[in-house]
There are 2 protein chains.
Amino acid sequence: MKEGPDITRIAALIGDPARANMLTALLSGKALTASELAHEAGITAPTASGHLAKLEEAGLLWRRKQGRHHYFALAGTEVASALEALAGLAASKGHLRTRTGPRDLALREARVCYDHFAGSAGVRIFESLATSGALTVDREAIPLTPAGEERITALGIDLAPLKAKRRPLCRACLDWSERRTHLAGALGAAILSHATASGWATRTKGSRLITFSKKGASEFESAFPI
Amino acid sequence: MKEGPDITRIAALIGDPARANMLTALLSGKALTASELAHEAGITAPTASGHLAKLEEAGLLWRRKQGRHHYFALAGTEVASALEALAGLAASKGHLRTRTGPRDLALREARVCYDHFAGSAGVRIFESLATSGALTVDREAIPLTPAGEERITALGIDLAPLKAKRRPLCRACLDWSERRTHLAGALGAAILSHATASGWATRTKGSRLITFSKKGASEFESAFPI
DNA sequence: CAAATGCTTCGGCCTGCACCAAACCATCCC
DNA sequence: GGGATGGTTTGGTGCAGGCCGAAGCATTTG
């Protein structure tokens, strides 16, 4: 009757509206405090506290006490990708009442999916690399070609430390607002940090939103032409 | 508050023990009848009927009426991989009381993960191909090398139609009983059907179990040496 | 020290939902 | 046709779990 891993436990945990809202908020990759999460989920602090304790105990969340604040974040990329998988499924089986993406138009354009670019900016990066032959697109398996390596290096991103990581260099991630593929994996994360480090764009504190500066936008566009 | 796809709905659906058991049973890829699923979940027929209706309405299940039987199957590979993602997460965050794999020893050895080999047989295939250089293992991205193509063709599997599919040829799938990688994707499925077609092994009706014949086992082992 | 802030624990209310038994359709077989 | 088998619908019961207010700790600030 109950063979295998306890998929029920985890799914039930995610299956509560309040908890799902918190987890979705944490998909931004930022660590949020308990009260921020309570506000995000539209519940009172005591209720939130209970939920967070359960999520932590199940190993989905990671908690750091700092002064009188408790910061929470997703426990790992594994958790994030399981959530994205569910979101993708929900979007594809999408019910009538399901909104197709973020209500905020700015969020549709450039935002963060865990730790890499999503939204139309994320899709643009992927398309640009794919059409120019920098990636061999084979659905899920998308190794970087030599030409691609050269191009990334030219942007000023050092590939060596990325390759050394256990994390896959390139991973395809399906976006639910655009319903198209964008670039995840170590390289996706590196491009995002490159964009913020070089002043192309800034991340809005406490949100998944990314805003491009005027100059940054044009540099971004020339770096990833379509 | 509720932006994005309705992840809650789907997760809550999976988060019920009875429904989770049914879905897990269907991960075998076989279509099962309503009463078989009721038995599998340990509930009465009326209760099962209600659950199945919900799952179908949410687009997770696919129903085919045939005579007086109603056959159910997972609605697509998307659903299957979301389930496997959850199972993987559950296994890694594995709780004390979670059994690490199927109670049935035979099931640990050779069984089906949606439509390809899993268990130790599945792991063996993957290891054999990987160590001989037939696959370039790069975590998730695992393209087949020319040497690998040759070797698969020698087994009597025609690669051309597989490459034509939209489905990725090779995909790495993490197994929860072995906690190791095995081969999914179109090639994984092709190897499984090759094994049954050539009489190496037979699938037990209504189960995820695969039994090798004596002769089949030795042929399998020589085809995939370690 | 007292006051304020952030979070957790406790106790009690209440809704939602899984569950079954009995009755009701549909299909096949004799 | 009647009887058997497989599924679904309906009605009613009961429990799990989400929710909040009030009270209790911990930490920082004045």
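The sequence lines fix the lettering, A, B, ..., with proteins before strands; numbering per chain opens at 1.
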Under 4.0 Å between a side-chain N or O of [X] and OP1 or OP2 of [N]?
X	N	answer
B/His70	D/dT8	yes
B/Ser35	D/dG7	yes
A/His69	D/dT27	no

Could you give the [atom1]-to-[atom2] distance, from [X] to [N], as a whole number of Å?
X	N	atom1	atom2	result
A/Tyr71	C/dT8	OH	P	14 Å
B/Arg68	D/dT8	CZ	C1'	16 Å
A/Glu57	C/dT9	CD	P	12 Å
A/Glu56	C/dT9	CD	P	10 Å
A/Lys65	D/dA26	NZ	P	10 Å
B/Arg9	C/dC17	CZ	C1'	15 Å

### Query
What does nucleotides 9-20 of chain D look like as a protein-contact string, B for base, S for sugar-phosphate only, - for none, at under 4.0 angstrom between heavy atoms?
B--------SSB
Closer than 3.5 angstrom, by distance alone: can the side chain of [X] be matched with the main-chain N or O of [Y] as a donor-acceptor pair?
X	Y	result
B/Arg19	B/Leu13	yes
B/Thr47	B/Ile43	no
A/Thr24	A/Ala20	yes
A/His51	A/Ala38	no
A/Glu36	A/Thr33	yes

#### Entry: Lys/Arg-Asp/Glu bridge criterion (N-O < 4.0 Å) met for A/Glu57, A/Arg9
yes
### Message
Using 0.5 Å steps for rounding, measure from the CD1 atom of A/Ile7 to the CG atom of B/Leu23.
### Response
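Rounded to the nearest 0.5 Å, the CD1-CG separation comes out at 7.0 Å.
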### Message
Quiz question: by atom type and distance under 3.5 Å, do the side chains of B/Thr196 and B/Ser193 form a donor-acceptor pair?
### Response
no
### Message
Angle between the end axes of the helix from C/dC1-D/dG30 to C/dA23-D/dT8, five pairs per end, to the nearest 10 degrees?
### Response
30°
